[in-house]
Amino acid sequence: MQALVKLENISKYFGSVIANENIHLEIFSGEALALLGENGAGKTTLSKMLFGMYKPSQGAIYINNRAVKLNSPKDAIDHGIGFVSQHFSLVPSLSVAENVVLAKEGGAILDLKKINEQVAATAKKFGLSLKPQAIVSELSVGEQQRVEILKALYRECKLLILDEPTAVLTPQDVRALFKTLKSLQEKGLAIIIITHKLDEVIEISDRVAILRHGKLVSTEITKETNARALANLMVGRDTIAVSRNTDHRVDEQILFAVKDLSLKNKRGLKVLKDISFNIHASEILGIAGVAGNGQTELLRVLNGLQKPDRGEAVLAKQKLSFNDSQHYNNLQIGRIPEDRHKATIADLSVAENLVLEHIEDFSKAGQLSKKAINQYANKLIKDFQIKAKANDKARTLSGGNLQKLILARTLAKEPKLLIVAQPTRGVDVGASEYVHQKLLEQKRNGAAILLISDDLDEVMRLSDRILVIYEGEIMAEFAAEDASREGLGLLMAGNRDAA
Amino acid sequence: MFGLKIERAPASLLQRFMIPIIAVAITFILASILILIAGANPLEVFYEILFKPFTKRTSRIEILVQATPLILTGVAVAFAFSAGYYNIGAEGQLYAGALAAALVGPKLAPLPQFMAIIIMLLAGFIAGALWALLPALLKVKLQVDEVVTTLLLNSVILFFISALLNGIWRDPISGWPKSPAIARSAEFPQIMARSRLHFGFIIALLSLLALWWVLKRTRFGLELKAVGLGKEAARFMNIKVAKTMLAAALISGGIAGIAGVSEVAGLHHYLIDGISPGYGYTGIIVATFGSLNALGIAFAGLFLALIDTGSLSASRSLGIPAYLGDVIQATLLLATLVALLLNNYQIRRKDA
């Protein structure tokens, strides 16, 4: 059988970072291919190249055996490729039919009646239940996703790529989506579904392509494999690292206790479900999980940016207020945030970014003490090996240096509790190593550390204890020495039987 | 195109320095087209606008008189914009200050001059800040877009003042729509003999100093900039974002109010309908063109005052419409905004 789409030796580099390397992959009409991998494994980059959003650094893409250049999403659409992203691009105030035809060009005159009929016909042909006249803003998330799919079908796509399609859906909507996908497959469409949920892979796909660190590790036939084997392929074998936590002795005193934290998002979905845990002094508690399972919300709450609906957190007998960040300084809570760019200000100087969090220490009667600021900044730059000058704009710093800046300003205050998120995301190997060393040093000095990371290697390397979070819930707890990569991987993908 | 390529990266220092110059150049090229249509010689007109005013003492001083409200509103706008609060209401806040001056001014006769002036300034600041309060509260409490609210409130106060002037304040004898004159003690003294230049100019210079000092030397100023440059990060770094933004909005309104006081107490000595020909709006151009810093605003205020003064005399001597000055100012704003956009890009020669 001839492949509908063929990727030949595709690589994509961003500067020195390898996003994808030497990928060979074929996709056939009428099949559902799952693209499985951890965060940062290169799934999204690969699909974006297929949709013309990125150009491959090397390699070729063939459609029906003809080499094609996909320079823009328009090219991809013209070649029959459709893409449903996690973030819908719909105009809320327009009807379904209007949204669908908006995406297709040509024709200056809009015949609403004709359009409604055409859109209804397409929806019917593929078994999508949608009213063409319905206003998009009044539709549920699942229905809006269906509109996105309809948009692609209306443009006669042959290959439909769905990026984490179930991330935003309720379980009922997931059922409906899978039914739709099955029927599309029967109509001869090829489907690529990007996911990291093993249960879904097993249920929906015919074949699975597993990516790790930008490389295609394996392509499996779904029927001939199982969740455990896939989890193994996805997370890979242990990699060697210099800094790792080998001394799991912790203090007996519980320093930080979180009890029954619960939170609903704007749509009323529970994103945190009764989260409880303790951290001892001199302990690193790791929370492993795939991104989007409540980590961001947990961090927002613990970092004092959002009040939970229920629950409390207590640090050394003092309750956290959840919304007064000043209070965090007084309690000596240090925060290394998930997104560096939301914790630093690109157009302020390195020195200003270093002192702003504790600006009261550097001003007298409202006046800034420039001298004190510069002295302090120069000391931190030296102590933490930040490659920048005090007056450089923060925007000129590399990811690793910006992370060192945040590390410096946080650790210099010798926090009792350290809330650390994705400390090495997008950071080069050398800087990662340095960050890990510093965190272990804090542990030795008696700090309680909460480490939240998508990078399983990192969690396993540093933690004394590991919790697994899935859909806002703590699934299991392990002592570091008892945790296996395989078991964690299964739990992270929502497979409860593994515990 | 043209063998150049544009990349998303912070502009080089040279490029940043060139931006206002390029903006001015583009403005005058575009203006030339209009001048040609009006049937005049562009070079002659530009000479009249840009150089002629320097040749006479009165017009040299007039530039400073014109620059006074422009610098004040420019500083007002810069305070707000620095905090990421887009106050388009300086015009209305200026009128609020002028109204306060007209209300308080006539009652200050028994006081010595310096006290009367301080009370005038305070009244104007408070009135301007009050007029800025509602949109600022709507912004920080309910996230209502301040561009819309501040802009619309301008018309509200303009019509309100117009109603006062044409109603209860109308001069019973002459029928002129003007407020009662303020007390002699409340008038700003002239600071140069035989000229219209008044104490308001000194206040404008002090406001520049205040802007520089607050933004560069104080904790509040640093927090203000932090909020303007990265709201979310500022919040993460323990800065009270809503409070800071509110304070910036009120200071902005207050200084615009002082601009209104300055026009009443320094020039007219009573309130009339057209006391500001849009100084509040021109203030936005001044602040933007002056890239929100004190030195830039001083330069921009003087430059726009020069264009104002010059285009008036050009229209008299060359018979071109006086509105040309407005057109040049507006074009300058657009050119500056486009040029500022380029601040985030690097223009480089394409590699062969």
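Chain naming here is simple, since letters A, B, ... match the order of the sequence lines and numbering starts at 1 in each.
- Taken to the nearest 0.5 Å, the OG atom of A/S363 stands 7.5 Å off from the CD atom of B/E223.
- Within the 4.5 angstrom heavy-atom criterion, no atom of A/D339 approaches chain B.
- Taken to the nearest 0.5 Å, the CD1 atom of A/I345 stands 8.0 Å off from the CG atom of B/L222.
- The neighbour count for A/K264 NZ, taken as heavy atoms of other residues, nucleotides or ligands under 6.0 Å away, does not exceed 12.
- Other residues, nucleotides and ligands contribute only 12 or fewer heavy atoms inside 6.0 Å of the NZ atom of A/K379.
- Within the 3.5 Å criterion, the main-chain N or O of B/M237 finds no donor-acceptor partner in the side chain of A/R335.
- Using modelled atom types, one side-chain atom of B/N238 and one backbone atom of A/E357 make a donor-acceptor pair closer than 3.5 Å.
- In this structure the side chain of B/R235 never reaches within 4.5 angstrom of the side chain of A/K342, judged on heavy atoms.
- To the nearest 0.5 angstrom, A/R300 atom CZ is 11.0 Å from B/F236 atom CZ.
- B/K231 does not touch chain A: none of its heavy atoms, backbone or side chain, sits under 4.5 Å away.
- A 6.0 Å sphere centred on CG of B/L152 holds more than 12 heavy atoms belonging to other residues, nucleotides or ligands.
- By number of non-hydrogen pairs under 4.5 angstrom with chain B, the leading residue of A/H358, A/R409, A/Q367 is A/Q367.
- Within 6.0 Å of CD on A/Q306 lie more than 12 heavy atoms contributed by other residues, nucleotides or ligands.
- Between the B/R219 side chain and the A/I359 main chain, no donor and acceptor come within less than 3.5 Å of each other.
- Atoms CD and OG1, on B/E232 and A/T344 in that order, are 11.5 Å from each other to the nearest 0.5 Å.
- A/L356 approaches B/A226 most closely through the heavy-atom pair CD1-CB, 3.7 Å.
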